[in-house]
Undergrad: 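Below are the C-alpha cells for one structure; questions will follow.
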Amino acid sequence: MSAYIIVNVDVKDPTLYEEYRKLVPASIEKYGGKFVARGGKHEVLEGEWQPNRLVILEFPSYDQAQAWYHSEEYREPKAMRFNAANAELVIVEGL
C-alpha cells in the first residue's frame, strides 16, 4: 500500500534551500519514492490553511516513507532544510 509525505514549506534562505533541492532527489529515489508535486500552483478551496510551498512525495509503503525520512542518506539534507526553511510534514497511508 502506497504512502504519501505531504510537506508545507516556508523557505527562509532561498540559496540554501536550492542546495537542499539538488541533494534530496537521490535519497528519495533510493527508497522507491518520487515527487508527485513540488511547489506548483495551488489554491485553498476550504478552511483557513494558508500553505506556502507544497511538496507531495509518494512511496511504495508507509515503512519505506519512514525509512527515507529517518535514513542516513537524508540526514544531512534534512539538517540543511532545517536551516533553510520551516516546514510542516506528515506521512499518510494511501488506499
Undergrad: Quick one: closest heavy-atom pair of R81 and Y74, and the distance?
TA: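 Heavy-atom minimum between the residues: NE-OH, 3.1 Å.
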Undergrad: How about F59 and I28: do any of their side-chain heavy atoms sit closer than 4.5 Å?
TA: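 Yes, side chains in contact.
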Undergrad: Following the transitive rule for hydrophobic clusters with a side-chain heavy-atom cut-off under 4.5 Å over Ile, Leu, Val, Met, Phe, Trp and Tyr, establish whether F35 and L54 coincide in one cluster.
TA: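 Different hydrophobic clusters.
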Undergrad: Heavy atoms only: give me the nearest R53-R21 pair and the separation to one decimal.
TA: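 Looking at all heavy atoms of both residues, the closest pair is NH2-NH1, 2.6 Å.
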Undergrad: Do W49 and N8 touch side chain to side chain, with heavy atoms closer than 4.5 Å?
TA: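 Yes. Closest side-chain heavy atoms under 4.5 Å.
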Undergrad: Please name the pair of heavy atoms, one in D13 and one in L16, separated by the smallest distance, quoted to 0.1 Å.
TA: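 Closest pair (atom of D13, atom of L16, distance): OD1-N, 3.1 Å.
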Undergrad: Run the side-chain contact (heavy atoms from CB on, under 4.5 Å) check on Y62 and I91 step by step: do they pass?
TA: CA-CA 7 Å; Y62 194 93; I91 300 174; 3.3 Å; yes
Undergrad: Can you list every pair that meets salt bridge (Lys or Arg N to Asp or Glu O under 4.0 Å) and has a residue in residues 57-69, with sequence neighbours left out?
TA: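 Non-adjacent pairs meeting salt bridge (Lys or Arg N to Asp or Glu O under 4.0 Å): K34-E58.
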Undergrad: Kindly write out the residues that satisfy side chain to side chain donor-acceptor pair (under 3.5 Å) with R75, not counting sequence neighbours, or none if the list is empty.
TA: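 Scan of R75 (side chain to side chain donor-acceptor pair (under 3.5 Å), adjacent residues dropped) gives E72.
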Undergrad: Using 0.5 Å steps for rounding, measure from the CZ atom of R38 to the CG atom of L57.
TA: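 Nearest 0.5 Å value for the CZ-CG distance: 8.5 Å.
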Undergrad: For the residue pair K78 and Y69, would you count it as a cation-pi contact if the rule is NZ or CZ under 6.0 angstrom from the ring centre and within 45 degrees of the ring axis?
TA: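 Checked: cation-pi criterion met.
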Undergrad: Can you tell if the side chain of N86 reaches within under 4.5 Å of the side chain of K12, non-hydrogen atoms only?
TA: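 Answer yes - side chains close enough.
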Undergrad: Is the closest side-chain heavy-atom distance between P51 and H42 below 4.5 Å?
TA: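 In short, these two side chains touch, coming nearer than 4.5 Å.
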Undergrad: Please examine the side chains of L23 and M80, heavy atoms only from C-beta on, and report whether any two atoms are closer than 4.5 Å.
TA: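 Contact flag for M80/L23 side chains = yes.
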Undergrad: Out of curiosity, Y4 OH to E93 CD, how far, rounded to the nearest 0.5 Å?
TA: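 The OH atom of Y4 sits 11.0 Å away from the CD atom of E93.
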Undergrad: Any heavy-atom pair between the side chains of V24 and W68 that's under 4.5 Å?
TA: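 Yes, side chains in contact.
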Undergrad: Find the distance between CD (Q64) and CD1 (I5) and round it off to the nearest 0.5 Å.
TA: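 CD1 of I5 is found 11.0 Å from CD of Q64.
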Undergrad: Could you tell me whether E76 atom CD has more than 12 heavy atoms of other residues or ligands within 6.0 Å of it?
TA: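 Atom CD in E76 is not packed in, count stays at 12 or less.
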Undergrad: Are V11 and L89 joined in one hydrophobic group, where the rule is that I, L, V, M, F, W and Y side chains link up if heavy atoms are under 4.5 Å apart?
TA: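 Looking at the clustering, L89 is in the same group as V11.
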Undergrad: With side-chain contact (heavy atoms from CB on, under 4.5 Å) as the criterion, how do L45 and E43 come out once you've worked through the C-alpha distance, each side chain's angles and the decisive distance to 0.1 Å?
TA: CA-CA 6 Å; L45 298 176; E43 175 183 351; 3.6 Å; yes
Undergrad: So, for P60 and G33, which heavy atoms are closest and what is the spacing to 0.1 Å?
TA: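 That would be CD-N, 4.4 Å.
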Undergrad: Taking the side chain as everything from C-beta on, heavy atoms only, tell me whether I6 gets closer than 4.5 Å to V92.
TA: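 A side-chain contact under 4.5 Å exists here.
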Undergrad: List the steps, then state whether side-chain hydrogen bond (donor to acceptor under 3.5 Å, both in side chains) holds for E73 with Y31.
TA: CA-CA 10 Å; E73 294 84 3; Y31 289 84; 2.7 Å; yes
